[in-house]
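Reading through the structure tokens given below for one structure.
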Amino acid sequence: MARYNAREEEKRWQQEWERQKLFATPAHTSAPKCYVLEMFPYPSGRIHMGHTRNYTMGDVIARFRRAQGYAVLHPMGWDAFGLPAENAARDKGVSPRDWTYENIAHMRDQLKMMGLSIDWSREFATCDPAYYHQQQKLFLDFHAAGFVHRSEADVNWDPVDMTVLANEQVIDGRGWRSGAVVERKKLSQWFFRITQFADELLAGLDTLDRWPEKVRTMQRNWIGRSEGLGFQFTLSNGEKLDVFTTRPDTLFGASFVALSPDHPLAGALAAQDAGLEAFIAECRRTGTAEADIEKAEKLGYDTGLTAAHPFDGNWKLPVMVANFVLMGYGTGAIFGCPAHDQRDLDFARKYGLTVTPVVVPEDADPRTFAIGTEAYTGPGRLANSRFLDGLTVDAAKAEVASRLEKAGIGRRTVHYRLRDWLVSRQRPWGCPIPMIHCPACGVVPVPKDQLPVLLPETINFKVRGNPLDADTAWKTTTCPKCGGPATRDTDTLDTFADSSWYFARFTNPEAAEPVDKAAADYWLPVDQYIGGIEHAILHLLYARYFTRAMAKLGLVKVAEPFAGLFTQGMVCHETYKDADGNWVSPDEVEKRDGKAFLLDGGAEVSIGPSEKMSKSKKNVIAPEAIIAEYGADTIRWFMLSDTPPERDIEWTDAGAEGCHRFVQRIWRLCSEAEGLPAPGTAPVADDAASMALRQAAHRAIAAVTDDLENLRFNRAVAQLYTLANAIGAAGKAGGAARREALETLVLLSAPMMPHLAESCWRALGHDRLVAGTPWPRHDPALTRTDQVVLAVQVNGKRRAEFGVQKDADAKIVEKLALEQEGVVRALDGKTPKKIIVVPNRIVNIVA
RNA sequence: GCCCCAGUGGCGGAAUGGUAGACGCAGUAGACUCAAAAUCUACCGCCUUCACGGGCGUGCUGGUUCAAGUCCGGCCUGGGGCACCA
């Protein structure tokens, strides 16, 4: 029989699937629905191994659910706005639009070669005017509902990408894309009021039981809720100063009050105090990067003012400006309690301030308990605190809060780390913000009937700054309110907005409104979302916010967009370096005996650790090349084999060859099946070989089904190897049972290797497609066994094993166990003290 | 510094508290072949033994249990996240 020709066969089946429209999304029926979605790609030009892994997993689930009878929605689109298109446009003189759509065309072909069961009729790109038109409507809806505000704020300015960034997009003080050190600027910008939903977004995490705990924790930390007390100090100049604390219980341990250098009061005082002005300038010079903060010493400047203690007007605390107090959290002012806060302690030691312990651990003596170089932050009882003495920390917190609330100078409050989402971007390749600035009327929304605000046909990248701002013709318009001359908002929306609702649009991409309510209500939430962990906060938080905001507007019913989330691991490869320390691509290397040599010249290269495939380390393998050599099923099988899906997988040539051998092996088993009874012949287990085959097949059905339900692809793969081994071991024996086992192997492997499955199905004599064939069911009678092998331990060490009837009487099992040769030897004449029989598993004899 | 996760053969990895190493890769020996490829068969944790067998073994260490890779305490190593958030 001929070897399996993947290239021809795969193309043939892809055409056949398309001809029969097998993956078209079914109409809404009573069938259970399953919305399977992988994070849509940025159209960079070609797919990489990470895409291959991501889309293979999604496709397995989609095909598996379809076979099980679910109505499946499995769409694909393009996250198509963004900077790479602009860079390409500037570098190559092409238009970002042409560049993007050409990339999409190429990548679509590549994805189709993988044989994904996608409903391509729903495809769209976020840069399609039809899509961003709807997004502009959403923006106006959000604006009308008060979810959007325009504010002047200190913003993160990326000097390389020439745009502002949201807080989430600044990592270690650098832009998430460019890596440039972010500068601070004051600009008037648009914000989504995500903080309005902070509590909901936090509480919602508890309902996401099919999300990785890790992602939920990261989001919880990012939202950063803290409960505390806001209250006022009266200063010696008569002014009031608001502070926030989570430790009101430590108020009698206060020894200073500190302001952020960016606090308005600090600024006002600096106007009359040159020393303070210089100090503030010094603080601003210190970077915000982690490394800087780590090293930064606690520095302070005494303003000369004092603050009266809220419970004792005669107790005066010095008011300092301190470099470690952040304007961006709480009120930008704190009271310092050195005994119970490490930062305050460092500061107090440096400036010789009092350190009074007010919380004493239960097992310590309040008269002798002292603070050294470490603040005490644990539980305990209050001391040195007048009316709080003897209370627990919690009781003291409540007592202080109540008293200050009663006195009208305090209030229990909640603060979040989460800031509003700044969405204005000074970039031309994005969704234009549909707003108009009128000198007479101020900021005016573009009326919906005048949408879309289209991007200009051509974008001139030769200008400095934002090309949309420089495009006078595009920018100039009339005010919808007064009809006078006005200008468009020349900013575009952060591209994370584009990906924050695309999953809802997929439910009906033709809808005249952003979302077709009936379609969205039917399909949402996404049942299984799959993507990289790198979106744990950014994309996944924004999408959750959008969904909640849309739900408030009545556009969708669900509060959470993704019921199930799976974060897959990265694809890695060994790295190679030549004698000069230059990275060398695997294409240029030949491996022999665990060593690596240059193909050109034969010089040995050093083998480095396996790392995420990246251009900079040259350890990239192109999926195209693998598909061309072995076919899509081989690469799909590799992506699912061995390594659990959430872990990083290492690509190896040997592994790929092994996968391809298995493809050929299945083909051989199915295509050399002459002598098999006709399709549809009922299997009978009337001989040992048949029984063994039937049991192997039905156990595989049970196991693979369970593994796929739980996304344990690597285990499902192992089960299929086991079944193939059993079929191989049976040789030509088995008749109808052999046919059943072969068909089971084909049906179970179909979600993973869909093309091969179709070829084998045809070879086994079927006319219809596997892709339209229901998932097999196991017969429980065949997955049971009546003989079991029991191990016998003596004092916990395994000494023998023997076969026995399943559920055999414990007395009989005990007797048999004691007769085993190994057991007799191990007992060496000793009398057993105790015999534990675990039915159908093990016997442990204690002697 | 804080939080989370993970440490199992040469490698990727299996294992409801119940026979550790399923399955795959690599490797060894053999069959087929003029030969090679492909394929098939057997072996494949370490030490010891002619063999039967015996000893050791899931990062280290202590504990719970008839029984621990699995549960509990302490530690080591690696990875990830957060990081002056009051």
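Just so it is clear: chains get the letters A, B, ... in the order the sequence lines come, proteins before strands, and each one is counted from 1.
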Distance between the P atoms of B:rA37 and B:rG18, in whole angstroms?
45 Å
Just name whichever nucleotide pairs with B:rC50, Watson-Crick or G-U, keeping both distances under 3.5 Å, else none.
none
Consider the side chain of A:Arg661, meaning its heavy atoms from C-beta on, and name the nucleotide among B:rU39, B:rU19, B:rC56 that approaches it most closely.
B:rU39
B:rA36 to B:rG53 separation - P atoms, rounded to the nearest Å
38 Å
Give a yes/no on whether any side-chain N or O of A:Arg799 is located under 4.0 angstrom from OP1 or OP2 of B:rG55.
yes
Should the side chain of A:Lys298 and the base of B:rC84 be counted as holding a donor-acceptor pair, with the cut-off at 3.5 Å?
yes
Across all strands, who's sitting opposite B:rC75 as a Watson-Crick or G-U wobble pair, both distances under 3.5 Å?
B:rG59
How is A:Val789 classified with respect to the nucleic acid when contacts are heavy atoms under 4.0 Å: base, sugar-phosphate, or nothing?
base
Which nucleotide wins on minimum distance to the side chain of A:Tyr721, given the candidates B:rA86, B:rC23, B:rG13?
B:rC23
Out of B:rA20, B:rG54, B:rC84, whichever nucleotide has its closest atom nearest the side chain of A:Arg343:
B:rC84
Would you say B:rA83 has OP1 or OP2 under 4.0 Å from some side-chain N or O of A:Arg417?
yes
Kindly say if A:Asn795 contacts the phosphate of B:rA67, meaning a side-chain N or O under 4.0 Å from OP1 or OP2.
no
hbond_proxy A:Arg3 side chain to B:rU39 base (donor-acceptor, 3.5 Å cutoff):
no
For B:rG63, does the glycosidic angle fall within 90° of 0 (syn) or outside that (anti)?
anti
P atoms of B:rC82 and B:rG45, separation to the nearest Å:
43 Å
When rounded to the nearest Å, what value does the distance between P atoms of B:rG79 and B:rU8 take?
14 Å
